[in-house]
Amino acid sequence: MKQLKRSFFERSKVTHIARELVGKLLVTHIDGESVTGRIVETEAYAATGDKACHAHLGRFTERTKTMYKPGGTAYIYLCYGIHHLFNVVTNVEGTPEAVLIRAVEPISGLETMMERRGLEKKARNLTAGPGVMSQAMGITTSLNETDLTRTKSVIRMYDDGFDMVSGIETGPRVGIDYAGEDALLPWRFSLKGSKWKSPAK
DNA sequence: ATAATGATTCGCT
DNA sequence: GCGAATCATTATG
């Protein structure tokens, strides 16, 4: 079980990183609770040639400045006034690219997840979807700019050698109709056959 | 200063 | 399937 290093995130192909993150482990240590999930769905957002990216064409604002940080930094922001969306910055400092984590499969800390989500049972909507996944893992915007590569970080990613025998599926990204033709790019990656993917089509 | 809008979810029909 | 909830961010649409 190896923690993902800076060199993994600082590579230039955000789509490759998004694909490789499927099957990796996401671990949080928040409020004294440890929670683990296996990533089953991601989306890539690229610096150039991608209208769906918050920082496309070099847009630099209070919110998007986090995407210009070095690869391995957490980019967390509030969407629709309610949902905390968790991304990992990729590429080197100054190049705003990121991977949105859309869904994970619960591995450990199930009781904590259900308590945070206010659910009685282990249901699909425990962690399937970018907003609910963040809630189950305890991720909020206060953790924006967390360095995921530090060994004692409250959010970390690990490679446990999981063999993706079932393969990776690709498809268009969700909820970005405003991006025109870029909304059609097959930059969404998910674990084929997983029951824990987000319900969005 | 202010109005529009969104990388969503949930409950109701 | 449809629409409300709800607010930080963004541009002044």
Side-chain angles (χ1 to χ4, degrees), chain A residues 9 14-15 17-19 21-22 26 37 39-69 71 73-91 95-106 113-146 148 155 157 169-191 195-201:
Chain A
F9 298 107
V14 65
T15 49
I17 297 171
R19 178 186 291 268
L21 279 177
V22 175
L26 178 62
I39 298 167
V40 296
E41 189 172 342
T42 66
E43 281 179 7
Y45 289 86
T48 54
D50 180 12
K51 288 205 273 285
C53 179
H54 290 159
H56 80 102
L57 301 180
R59 226 165 40 156
F60 188 91
T61 68
E62 219 18 62
R63 177 179 62 160
T64 65
K65 67 179 185 186
T66 305
M67 295 183 79
Y68 292 80
K69 297 269 181 192
T73 306
Y75 171 43
I76 305 163
Y77 75 98
L78 197 62
C79 186
Y80 294 100
I82 304 173
H83 305 291
H84 301 264
L85 268 57
F86 171 68
N87 306 246
V88 199
V89 176
T90 69
N91 216 319
T95 305
E97 303 195 327
V99 176
L100 169 68
I101 309 302
R102 291 190 56 84
V104 303
E105 173 183 346
M113 290 192 194
M114 289 186 289
E115 186 181 328
R116 285 173 176 154
R117 295 277 300 116
L119 297 174
E120 302 286 315
K121 307 161 62 170
K122 179 183 174 183
R124 190 174 50 85
N125 66 351
L126 186 61
T127 56
V132 294
M133 181 278 292
S134 299
Q135 189 182 6
M137 302 289 295
I139 295 171
T140 66
T141 53
S142 66
L143 296 170
N144 190 35
E145 302 196 1
T146 297
L148 305 186
I155 311 174
M157 285 184 173
E169 256 177 356
T170 61
R173 292 172 292 179
V174 177
I176 54 163
D177 297 342
Y178 60 88
E181 62 213 31
D182 288 341
L184 301 176
L185 292 170
W187 284 4
R188 177 177 175 215
F189 304 92
S190 61
L191 191 57
K195 294 182 170 63
W196 298 97
K197 291 188 285 192
S198 77
K201 74 168 176 19

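Naming convention: chains lettered A, B, ... in sequence-line order (proteins, then strands); numbering from 1 in each chain.
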Could you tell me which non-hydrogen atom of [X] sits nearest to which non-hydrogen atom of [Y], and how far apart they are?
X	Y	result
A:Leu21	A:Val99	CD1-CG1, 3.9 Å
A:Glu43	A:Ala18	C-CB, 4.4 Å
A:Ala136	A:Thr127	CB-CG2, 3.8 Å

_Can you see if the side chain of A:Arg188 gets near the phosphate of B:dA7 - specifically, an N or O under 4.0 Å from OP1 or OP2?_
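No, because none of the side-chain N or O atoms of A:Arg188 sits under 4.0 Å from OP1 or OP2 of B:dA7.
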Figure out the [atom1]/[atom2] separation between [X] and [N], and round it to whole Å.
X	N	atom1	atom2	answer
A:Phe86	B:dT8	CZ	C1'	17 Å
A:Ile139	B:dT8	CD1	C1'	16 Å
A:Asn87	B:dT8	CG	P	11 Å
A:His56	B:dA7	NE2	P	11 Å

Polar side chain donor-acceptor pair, [X] to [Y], under 3.5 angstrom:
X	Y	answer
A:Arg117	A:Gln135	yes
A:Ser198	A:Glu41	yes
A:His54	A:Tyr75	yes

*Near DNA chain C, which residues from residues 122-136 of chain A have a heavy atom under 4.0 Å away?*
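Hits under 4.0 Å, by residue number: none.
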_Once hydrogens and angles are ignored, does a donor-acceptor distance under 3.5 Å link the base of B:dA7 to the side chain of A:His83?_
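Under the 3.5 Å cut-off, the side chain and the base do not form any donor-acceptor pair.
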*Mind checking who B:dA7 pairs with, Watson-Crick or G-U wobble, both distances under 3.5 Å?*
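Answer to the pairing question: none, since B:dA7 forms no Watson-Crick or G-U pair.
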*If pairing requires Watson-Crick or G-U wobble contacts with both distances under 3.5 Å, which nucleotide is the partner of C:dT6?*
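None - no nucleotide pairs with C:dT6, as no candidate has both distances under 3.5 Å.
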*Relative to A:Tyr77, does A:Arg63 satisfy both conditions: NZ or CZ under 6.0 angstrom from the six-membered ring centre, and within 45 degrees of the ring's axis?*
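Satisfied, under 6.0 Å and within 45°.
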*Find out whether the Lys NZ or Arg CZ of A:Arg173 is both under 6.0 angstrom from the six-membered ring centre of A:Tyr45 and within 45° of the ring's axis.*
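Yes, a cation-pi geometry holds between A:Arg173 and A:Tyr45.
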*Could you work out the separation of C:dG13 and B:dG6 based on their C1' atoms and round it to a whole Å?*
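That atom pair is separated by 15 Å.
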*Is the aromatic ring centre of A:Tyr178 closer than 5.5 Å to the centre of the six-membered base ring of B:dG6, with the two planes inclined by less than 30°?*
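No; by the centre-distance and plane-angle rule, A:Tyr178 does not count as stacking on B:dG6.
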*Take nucleotides 7-13 of chain C nucleotide by nucleotide from the 5' end and write B, S or -, depending on whether a protein heavy atom sits under 4.0 Å from the base, only from the sugar-phosphate, or from neither.*
BSSSS--
*Rounded distance (nearest 0.5 Å) linking atom CE of A:Met67 with atom SG of A:Cys53*: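 If I round to the nearest 0.5 Å, the distance is 3.5 Å.
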